[in-house]
Every structure is written in structure tokens, then in C-alpha cells.
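Okay, structure first, notes after.
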Amino acid sequence: MNQDIVILAAGKGSRMKSAFSKVLHKIAGEAMVCRVLKTASALSGANLHLVVGHQGEQVAAACQDFSANVVWQNDPQGTGDALRRVAPSLQSTGATLTLYGDVPLIRQATLEKMMALSTPNTLVLLTISLVNPTGYGRIVRNAQGQVEAIVEQKDATPEQLAIQEVNTGILLAPNEHLQGWLASLTNDNAQGEYYLTDIIAMAAQAGVEIVTVQPESEAEVAGVNDRVQLAALERELQTQQAITLMQNGATLLDPARIDVRGELTTGQDVVIDVNCIFEGKVVLGDGVQIGANCHLKDCTVGDNTIIKSNSLIDDSRVGESCDIGPFARLRPGTELANKAKIGNFVETKKAIIGEGSKVNHLSYIGDTEMGAHVNVGAGTITCNYDGVNKHLTQVADNVFIGSNTSLVAPVQVAEGATIAAGSTITKAVGEKKLAFARAHQANKDNWPRPTKK
Ligand code: UD1
Ligand code: CA
């Protein structure tokens, strides 16, 4: 069935006290409006319309991946006015679902439940009963319990204000009727706005069946008006994500202290200590252990690898049974083969490190291709940058690099070579050679120490 979906995102959101449109503020690393678009686009037959106004250019740009039909509402005059502007783009059959760019946690399953009830002669409302219904439109039902109208807070009588069942704002209306209803809206009410909710009374009068669906939780339909509410929904979503990870077989030492801003996939028996952040797409194999305060972004980590506390990994691939950290920093383009070791205060970038190779202490390895079973001594640096261009360092299998070596790229070290500690290597080192590139030590006899004058 044709499924038009309108996402309202024209509002200013003054209570955010922000230079940016409210709907661009992020929940779990993703702009709220994008999260809603993602949920909407997963629905079958989805035909997306995005209503923008305040900072519309920025909102439309942030959403461009979803190829929604962007409709402008420069002088917002209410939710009904927003829908009226979309009306010319709606299909003649099917139904229109209205969603909100600032209600980010709405679930696909709930919307599917609504869609399953939709017919050309049915209007589906998502309602919820609240202990404190203040501010919301109230669901007015007749003696038979059928929905007759929605009355906004500011237009409600004292009796209507006592109604606890409220309009979440999310509704699904049949297109055959919707065009006519929208054309009949007036702004004759307390706010001088065109209320989309006025179509409910029109539907009731036209004999269209009005059915209601409830969300799983209040958070699902909660709107964000200020940063306190934004933070509350962030926590809500993080809690849900943590529960899913645990249900999938990961141990979280404290499920309240993990932040996933993207997609985290975990194998069996993954253990994650506190205060870790996962961003973008992260895949952890079976038995991976992650220490406290690690930050992993867009990376894959092979089975049984241990990442010790305070390590950062960005856009990298880590093999199986590796040992990383504490305090390691793997920058984009790092590829560790199985059993590699990257120790404390080691930075890598565009570095391929072969199986079982070890860079254990205080090093920078950048623009490097390193073979297997190489031992890199403490304080070794690849001098990859000449001030203009970056150059490659190539180290073959079984090389031993003494501590405090500078490898001035471009340079090659062949298989089995040994480099003496403290060397500055500027020329290729051949197979199994010992390279010794530091000043010879001179020991002078009976050296008189300087004395104080
Ligand atoms: C609306 C509903 C109310 C419901 C409540 C749920 C109407 C008339 N009322 O009230 O029944 O209980 O939501 O939160 O629909 N927007 C536009 N263009 C506009 C007006 C609004 O894009 O012209 C967007 C806003 O940016 C916001 C959303 O629509 O994201 C809701 O608008 P708002 O004015 O906050 O509606 P409420 O008064 O809360
Ligand atoms: Ca309003």
C-alpha cells in the first residue's frame, strides 16, 4: 500500500537555546530527525516528506541521504498548516502517517501496528494515558467509547482537561479523505493555528472509523523541547541498547556506563568495562575484552583480542588474539594481524603490522608496512613526513629494532635485520645485517668533573 510519511521539522525549538535547529541535536550520535527518517524509511511502501522551516537548508542537507520530498513551511501556522503544504505531494490512495522530528524514539514496530489497522475508511491514532496530561491534546470519547475529537489544552473545558488519554501527535489518516479534511481546516482557536487534530472530529462526523494504538513506553512518544529532555532520552536509548547487548551475550560491567553512538555488534562472551564509547560501526569478535575508558570508532576487532584501558581505536582493523594498550592510540588505516601487540603510549597510523609483531612502548608507527614477528624497541619513531610529503617505511619479517630508533622514510629494512638501539636509519638495511647508525661512544680516562667557582 502507498504509505506517505510526513515528518514535521519546521519548528525553531527556542527552549534548546541553540544556534542550531532543534531536530539536528543528536541522540546516540545521530540527529533526531535522521533517526526518525531512518525508522520511517524502514516501513513498507514508505514515501517520505520532510517539512522544514527554521534553518531548513541545514535540516534538509543533514537529511539528504534519505531523499525525502522537502516541503518548506517558512511561517509555521500549526501542524495542520504543515500538512496542507504537503497535500499536493500526497498520493491519491493509501494513507499518510505524521511523525515529528523531535520525537526520536518512536519504534518501527509501533508504526507497523498502526499501519496494520489502516484502511481507506479508518483513521489510526497513537494515544497514551498520562498521570499528568498537561499540555497535550485530549482524546474525547463518546458514551460508547468511540473517539469523537481531539481538544487542545488551550481550547479544553475543565471536564476535558481531566481526561488523561492524550494525543501523541502521531496519526495515520486515509488519503482519500485527508485532502478534503485539510482543505476544511480553520484557525479559529485559542492559538490562531491550523490544528491537524481538528481532522479527528471531521473523521468522526464522516463516519470514518477512528481506532487507537498505544506505544510500548512513554519514552517512545516523548518529544524533546530542551536539553534536559534530550539528555533523558539519550539515557533511555543507551539503557535500551545496553540491554540488547547483554541479551546478545555481552557482559557489561556497568550497563549504565556505556555509550553506543552507532552500531555495535558483539560476539559471544565479550566483556566491556566501564565508560567505553563506541561510535560508527564497530564489530567485536568472540571473547574480546575491553578495559575501562576505551573509545572505539568504525573498527573491527578479532576474536579473543584484549584492549586494555584508555585505548583509542579509529577506522582500523584489529586481528585475533591481539593485545592492545593501556593508553594505545590506533589511528585510521591501522591493520593489525593476529597476535600483534601494541603497548602503552604507542600511536599508529596507516600501519600494517604483521602477525605476532610487537610495538610495546612509546612509539609512533605511521605509513608503515611491517611483517611478522618484528620486535620494535621502546621509543622507536617512523619519520614519515618531510614537511611536504608522507613516505613509507617497510620492515620485513623477523626484524629486531633496538630502542630509540628513528626510521627516516622512505626506507626499507629487510628480513631478519637488526638495528642497534639509538640508530637513525636513513638507508636501506639488507637481510640479516646489523645496522648501527649512532655516534660511537668514547670513554675518557680520569675525567675531571667541573668544580663550583
Ligand atoms: C501537538 C498536538 C497535540 C499533541 C502534541 C503532542 C496539534 C494541533 N496538537 O501539540 O494534540 O498532544 O502535539 O506533542 O497538532 N510543527 C511544524 N510546523 C508547524 C507547527 C508545528 O513543523 O506549523 C512541528 C513542531 O516543530 C513540532 C511539532 O510539529 O516538532 C509539534 O508542534 P507543536 O506546536 O509543539 O504542537 P503541540 O502544541 O505540542
Ligand atoms: Ca503549539
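All ligand and atom numbering here is 1-based and tracks the order in the structure.
- The distance criterion of under 3.5 Å between nitrogen or oxygen atoms is met by Ala10 with respect to ligand 1.
- Using a 3.5 Å distance cut-off with no hydrogens or angles, the side chains of Asp4 and Gln91 do pair a donor with an acceptor.
- Pairs of residues two or more places apart, or lying in two chains, that qualify as ring pair (Phe, Tyr, Trp, His ring centres under 6.0 Å) and include a residue from residues 138-182 are His177-Trp181.
- If you check the side chains of Arg138 and Gln153, you find a donor sitting under 3.5 Å from an acceptor.
- Taking 4.5 Å as the limit, every side-chain heavy atom of Asn132 sits out of range of all side-chain heavy atoms of Leu130.
- Heavy-atom proximity to Thr197, at under 4.0 Å, picks out these atoms of ligand 1: 7 (C), 8 (C), 9 (N), 11 (O), 15 (O).
- Close approach of ligand 1 to Tyr100 (heavy-atom distance below 4.0 Å) involves ligand atoms 28 (C), 29 (O), 31 (C).
- If you number the atoms of ligand 1 from 1 as listed, the ones under 4.0 Å from a heavy atom of Tyr136 come out as 6 (C), 12 (O), 14 (O).
- The shortest N or O to N or O distance between Gly169 and ligand 1 is not under 3.5 Å.
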message = With salt bridge (charged side-chain N to carboxylate O under 4.0 Å, His left out) as the criterion, how do Asp367 and Lys349 come out once you've worked through the C-alpha distance, each side chain's angles and the decisive distance to 0.1 Å?
response = CA-CA 6 Å; Asp367 300 293; Lys349 185 217 72 173; 2.9 Å; yes
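- Counting only residues at least two apart or in different chains, salt bridge (charged side-chain N to carboxylate O under 4.0 Å, His left out) contacts with residues 243-262 comprise Arg235-Asp259, Asp254-Arg257.
- Heavy atoms of Gly223 come nearer than 4.0 angstrom to ligand 1 in no pair at all.
- With ligand atoms numbered from 1 in the order given, ligand 1 contributes 22 (O), 24 (C), 29 (O) to contacts under 4.0 Å with heavy atoms of Leu8.
- Close contacts of ligand 1 with Gln73, meaning ligand atoms under 4.0 Å from a residue heavy atom, involve 17 (C), 18 (N), 19 (C), 22 (O), 23 (O).
- Between Thr122 and Val124 the shortest side-chain heavy-atom distance falls below 4.5 Å.
- The N/O atoms of Ala82, backbone and side chain alike, include none that comes under 3.5 Å of an N/O atom in ligand 1.
- Using a 4.0 Å cut-off to heavy atoms of Asp102, the atoms of ligand 1 that qualify are 27 (C), 30 (O).
- Counting atoms of ligand 1 from 1 in the listed order, those under 4.0 Å from a heavy atom of Glu152 are 2 (C), 3 (C), 7 (C), 8 (C), 9 (N), 10 (O), 11 (O).
- In this structure, of Ile170, Thr79, Val33, the residue bringing a heavy atom nearest to atom 21 (C) of ligand 1 is Thr79.
- The aromatic rings of Phe327 and Phe345 sit parallel, their planes meeting at an angle under 30°, below the 60° perpendicular limit.
- Those atoms of ligand 1 with a heavy atom of Gln77 less than 4.0 angstrom away are 23 (O).
- In this structure, of Asn167, Ile199, Leu126, the residue bringing a heavy atom nearest to atom 4 (C) of ligand 1 is Asn167.
- The closest side-chain heavy-atom distance from Val283 to Thr266 is not below 4.5 Å.
- At a heavy-atom cutoff of 4.0 Å, ligand 1 is contacted by the backbone of Thr168 but not by its side chain.
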task = I would like to know whether Asp102 and Lys22 meet salt bridge (charged side-chain N to carboxylate O under 4.0 Å, His left out); could you show each step before the answer?
result = CA-CA 7 Å; Asp102 59 357; Lys22 171 166 75 176; 2.9 Å; yes
